[in-house]
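We number each residue from 1, following the sequence as shown. For clarity, every value in this text was computed on a predicted model and none was experimentally measured.
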Amino acid sequence: MLLKYDVIVVGGGHAGCEAATAAANIGAKTCLVTMDMNKIAQMSCNPAVGGIAKGQIVREIDALGGQMGLVTDATSIQFRMLNRSKGPAVWSPRAQCDREKFIGQWRKTLDATPLLDIWQDQVCELITRQHEVVGVRTIWGVELHAKSVVITAGTFLNGLLHVGKHHLPGGRMAEPAVEHLTASITGLGIRHQRMKTGTPVRIDRRSVHFEDMEEQPGELDFHQFSFMGKSKTLKQLPCWTCNTNPEVHRTLLEAIDDSPLYNGQIQSIGPRYCPSIETKLTTFPDKGQHPLFLEPEGEDTNEMYLNGFSSSMPMEVQIEALKKIPAFRDVKVYRPGYAIEYDFFDPTQLKHSLESKMVDGLYFAGQVNGTTGYEEAGGQGLVAGINAALRCAGNQPFIMHRDESYIGVLIDDLVTKGVDEPYRMFTSRAEYRILLRQDDADARLTAKAYALGLATTERYQWWTEKKQWMDHLINFCNTTAVKPKDVNSALETLGTTPLREGCKISDLVGRPQLNLYKLSLIIPELKEQLDLPENRKEEIAEAAEIKIK
């Protein structure tokens, strides 16, 4: 059987879904090949999107016309803006999602995308001709031919799962590994190595003593991921926090010889910034406790995710240790934490377009490039999908630069420096982070995406209208003066120094104690200017204020 397309995307994770929708929306006839259509965009680890610097990436995906922000907003069960105590350059959105609804929303998105087909199968071989990829072959003998192929296989390539001394092939718990694709790729001269990651135990909420935990509610203001999405349509749920203790540590350390990480069973590189609980104990032996975060997996499930307790210790040791924590003294679990080893490919063998330097038309995105995280994967997938489609039309590649996006920083780091551990994005990696804020991703990227044909006319008009309102508001603040006698008493009440002479409103906005809303209460003319479109009022005002500051 032979199927013909412009672009083939191998793998239906976060990178694959973004790559497939981007390629199809630009106009390429695209096929997404995945082993299980019911596990599209599975949140293999925690059911959350965003976080420090990761949230900025999702905002950039959305500004470019990608889908992750829209899907996240539609399935969010808690939203928080992290780093609010710091400057707006490092404010980072994060959302807990309903895991099953997230998969369902992505499936709806894929099914509604013109020019995009889904084929449920497992790719085992690349088909090439004279250093150019021309298609793939599956384990069922199907050939799919295309001008471009995007590999987004996640942790499935020769994946090996570890729980204590037990180890089994798998790409995720209860899902098969892909055994032959790595050999087909490395046979083309592409180097590969092994990496390791892990995930925590899943807990039955009915067995938790929440009275022994601290509740962590979400925020209910206007912030969200998509510049155009509908915010908080699902029931909003709290997370919960507690700590480990010396008894927990003692239980784990007494069984450390049974840990695959320390008995030589696992040899590959693990993530420095998301370590297992046993790694925390050996790295910080004097620390008496480590924080844990219990997160809901969805609106309608008792399953909860224990963030901070990633482990590959024997399952009976994991459970015994958890029972030493008051909140989990009667704990019941759905499945233990586990580690997974998998193949990845040296990203220095890629161009900035994410096309292979060795094989024309072959693109890589996501964890196969040595990264970790849904957001990093989605950003790479979007760029790979764009460029795979552009190549089919004979157009120049779309390159993202360090001074215009976190995605540009991510890709530049990968292809120029390579990786010696799973790569995770941080604000500190971006030297232009003052400019690369979560609030201005549309200002940086939407016009570029519209020129590519990826951002819709509606999305582009949404941005241009916002820009007009912002420019008008900023110009008003820059040109309108206030007199000391009109505002001084109010300024003292607001905790800031009174004026000695008149100044422009923008000079007052620049003070850390003040913002546009507070000033609008004492300057009637400003209050009139803040009469903005109701569904966008707060977003426009905040973006204008940050730009003034």
Side-chain angles (χ1 to χ4, degrees), residues 39 42-49 51 75-78 80 94-103 161-164 166 170 172-175 197-218 234-252 255 258-259 274-281 289-340 374:
K39 298 287 180 66
Q42 173 67 284
M43 304 177 100
S44 307
C45 201
N46 64 323
V49 170
T75 59
S76 171
I77 54 177
Q78 188 193 92
R80 295 174 65 208
R94 183 184 189 272
Q96 293 291 133
C97 294
D98 186 304
R99 185 188 297 276
E100 292 301 319
K101 290 183 174 67
F102 188 91
I103 294 171
L161 308 175
H162 298 266
V163 179
H166 298 278
R172 280 190 292 255
M173 184 68 85
E175 296 183 53
T197 190
T199 191
V201 60
R202 303 308 200 271
I203 286 177
D204 186 334
R205 96 167 9 249
R206 294 168 296 184
S207 68
V208 177
H209 291 271
F210 288 101
E211 69 274 13
D212 293 318
M213 304 189 81
E214 181 181 342
E215 185 174 351
Q216 189 178 55
L234 301 184
K235 180 181 179 182
Q236 299 298 289
L237 301 175
C239 294
W240 303 83
T241 66
C242 65
N243 295 298
T244 62
N245 57 53
E247 284 189 65
V248 176
H249 299 182
R250 191 177 307 113
T251 301
L252 293 169
D258 293 326
S259 168
C274 189
S276 66
I277 185 65
E278 53 264 42
T279 299
K280 293 178 188 177
L281 300 187
Q289 62 182 31
H290 293 278
L292 302 176
F293 302 87
L294 189 62
E295 303 169 347
E297 295 257 353
E299 273 189 312
D300 310 312
T301 178
N302 289 317
E303 187 176 356
M304 301 192 80
Y305 176 96
L306 189 58
N307 202 335
F309 205 82
S310 179
S311 179
S312 58
M313 298 285 281
M315 62 179 75
E316 62 273 15
V317 174
Q318 295 183 39
I319 295 170
E320 183 185 354
L322 283 174
K323 288 186 174 182
K324 303 294 174 61
I325 300 171
F328 302 132
R329 57 186 178 271
D330 298 313
V331 73
K332 292 181 180 179
V333 306
Y334 289 104
R335 59 187 181 278
Y338 64 90
I340 179 170
Y374 313 141

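Applying the side chain to side chain donor-acceptor pair (under 3.5 Å) rule to Thr75 yields no partners; only residues at least two apart in sequence or on another chain are considered. Taking the side chain to side chain contact (heavy atoms under 4.5 Å, CB included) definition, one finds that Met315 meets it with Val163, Pro336, sequence neighbours left out. Contacts of Thr244 classified as side chain to side chain donor-acceptor pair (under 3.5 Å), with partners at least two apart in sequence or in another chain: His249. Every residue meeting the ring pair (Phe, Tyr, Trp, His ring centres under 6.0 Å) condition with Tyr374, not counting sequence neighbours, appears here in chain and number order: His14. Under the salt bridge (charged side-chain N to carboxylate O under 4.0 Å, His left out) criterion, Arg80 pairs with no residue, sequence neighbours left out. Residues forming a side chain to side chain donor-acceptor pair (under 3.5 Å) with Gln289 (at least two apart in sequence, or on another chain): none. For Lys39, the side chain to side chain contact (heavy atoms under 4.5 Å, CB included) partners two or more places apart in sequence, or in a different chain, are Asp36, Gln42, Arg172, Glu175. Every residue was checked against the side chain to side chain donor-acceptor pair (under 3.5 Å) condition with Ser76, not counting sequence neighbours, and none meets it. Not counting sequence neighbours, the partners of Glu295 by the salt bridge (charged side-chain N to carboxylate O under 4.0 Å, His left out) test are Arg94. For Pro246, the side chain to side chain contact (heavy atoms under 4.5 Å, CB included) criterion is met by Arg250, not counting sequence neighbours.
In this structure, Gln78 and Pro217 approach most closely via the heavy-atom pair NE2-C, 3.8 Å. Here the closest heavy-atom approach between residue Thr199 and residue Cys45 is recorded as OG1-SG, 3.4 Å. Across Ser310 and Pro275, no two heavy atoms sit closer than the pair CB-O, 4.3 Å. When all heavy atoms are compared, the tightest approach of Cys97 to Val49 is SG-CG2, 4.2 Å. Between Pro238 and Glu215, the shortest heavy-atom distance links the atoms CB-OE2, 3.4 Å.
Inter-residue side-chain proximity for Asp300 and Lys101 is flagged as met; some heavy-atom pair is nearer than 4.5 Å. Side-chain contact between Phe328 and Met213 is present, with heavy atoms from C-beta onward closer than 4.5 Å. Between Ile277 and Pro200 the shortest side-chain heavy-atom distance does not fall below 4.5 Å. A heavy-atom distance below 4.5 Å is not found between the side chains of Cys242 and Leu294. Looking at Trp240 and Gln216, their side chains never come closer than 4.5 Å, going by heavy atoms from C-beta outward. You'll find the side chain of Asp98 reaches within 4.5 Å of the side chain of Leu234, heavy atoms only. Taking the side chain as every heavy atom from C-beta outward, Leu322 and Leu306 approach each other to under 4.5 Å. Looking at heavy atoms from C-beta onward, Thr251 lies out of side-chain contact with Val248 at the 4.5 angstrom threshold.
For the atom pair Ile203 CD1 and Ile319 CD1, the distance stands at 9.5 Å (nearest 0.5 Å). Here the OG atom belonging to Ser311 is positioned 13.0 Å from the NE2 atom belonging to His162, to the nearest 0.5 angstrom. The distance from atom CD1 of Ile77 to atom NZ of Lys235, rounded to the nearest 0.5 Å, is 10.0 Å. Considering CZ of Phe309 and NZ of Lys280, their distance stands at 9.5 Å, rounded to 0.5 Å. For the atom pair CE of Met304 and CZ of Arg202, the computed distance is 12.0 Å after rounding to the nearest 0.5 Å. Rounding to the nearest 0.5 Å gives a distance of 7.0 Å between SG of Cys274 and CG of Asn307.
Annotation: salt bridge (Lys or Arg N to Asp or Glu O under 4.0 Å) contacts involving residues 315-326, sequence neighbours excluded, are absent. Identified under the side chain to side chain donor-acceptor pair (under 3.5 Å) test for residues 326-335, with sequence neighbours left out: His209-Arg329, His209-Asp330, Asp212-Arg329, Glu303-Arg335.
Looking at Gln318, its side chain does come within 3.5 Å of a backbone N or O of Met313 through a donor-acceptor pair. At least one donor-acceptor pair closer than 3.5 Å links the side chain of Ser207 to the backbone N or O of Asp204.
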